[in-house]
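Quick note: numbers below take in every heavy atom, side chains included, and nothing from hydrogens, waters or symmetry partners.
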Amino acid sequence: MHDSATLKVPNGKLLEVEVTYDDRVTNVNVTGDFFLEPPESHAALEAALEGHPTDVSRATLIEAIQGVDATLIGFDAEHLAAATLEAIQ
C-alpha cells in the first residue's frame with residue numbers, strides 16, 4: 001500500500017510523509033518546508049523510518065529518528081513519528 005500524511009507543525013513548518021508498506025514500512029519519502037543540518041542527513045532520516053512493522057509504536061519511531069545524526073529545524077522527532085503513524089494507519 002501507499003499512503004501519505006501532512007502535518008502543519010504549530011509555529012513551525014509543513015511536514016509530509018509518504019509511505020509504502022505491506023506488513024512493514026518499505027519506503028519513506030519525507031518532504032516539506034523544513035530544514036535539516038546537515039542536509040545530507042535526509043536519506044538517513046528516511047532510512048530510519050523504513051523496515052518497521054506497521055504496528056510500530058510512537059516511542060520506537062521517535063527513538064529511531066533521534067538516532068539519526070541530524071538537527072531537525074522546524075519540527076521534531078515527535079512530529080515526524082506522528083505523521084508517519086498517520087500515513088500507515
Side-chain angles (χ1 to χ4, degrees):
M1 299 188 71
H2 182 82
D3 218 334
S4 66
T6 302
L7 176 69
K8 173 70 170 123
V9 177
N11 299 317
K13 302 294 185 175
L14 186 66
L15 182 64
E16 183 172 10
V17 179
E18 294 181 42
V19 180
T20 303
Y21 60 95
D22 287 313
D23 59 330
R24 293 193 164 275
V25 176
T26 56
N27 189 47
V28 176
N29 186 27
V30 178
T31 58
D33 62 355
F34 59 85
F35 299 96
L36 294 173
E37 286 297 330
E40 300 78 30
S41 62
H42 195 146
L45 191 63
E46 292 172 338
L49 297 169
E50 295 172 353
H52 294 282
T54 54
D55 63 352
V56 64
S57 72
R58 183 179 301 253
T60 298
L61 287 180
I62 290 170
E63 184 178 320
I65 295 162
Q66 290 174 338
V68 176
D69 186 19
T71 302
L72 313 178
I73 303 167
F75 72 105
D76 61 26
E78 173 67 30
H79 297 124
L80 183 52
T84 302
L85 288 172
E86 183 179 330
I88 59 178
Q89 293 180 351

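Formation of a donor-acceptor pair under 3.5 Å by the His42 side chain with backbone atoms of Val30 is found in this model. Between the side chain of Ser57 and the main chain of Thr60, a donor-acceptor pair closer than 3.5 Å is present. Although no hydrogens or angles enter the test, the distance criterion places a donor-acceptor pair under 3.5 Å between the side chain of Thr26 and the main chain of Thr20. Checked by atom type and distance alone, the side chain of Asp33 never pairs as donor or acceptor with a backbone atom of Lys13 at under 3.5 Å.
Rounding to the nearest 0.5 angstrom, the gap separating the CD atom in Glu18 from the OG1 atom in Thr31 is 6.0 Å. Rounded to the nearest 0.5 Å, atoms CD (Glu50) and CG (Leu45) are 10.5 Å apart. Here the straight-line distance linking atom CG of Leu49 with atom CD1 of Ile65 works out to 5.0 Å at 0.5 Å rounding.
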Would you tabulate the side-chain donor-acceptor contacts of residues 69-89 under 3.5 Å, counting partners in other chains and residues two or more places apart, or write 'none'?
residue : atom : partner : partner atom : Å
Asp76   : OD1  : Glu78   : N            : 3.1
Asp76   : OD1  : His79   : N            : 3.0
Asp76   : OD1  : His79   : ND1          : 2.9
Glu78   : OE2  : Arg58   : NH1          : 2.7
His79   : ND1  : Asp76   : N            : 3.0
Thr84   : OG1  : Leu80   : O            : 2.8

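Put simply, Ile62 and Val9 are part of two different groups of oily side chains (I, L, V, M, F, W, Y) that touch within less than 4.5 Å, one to the next.
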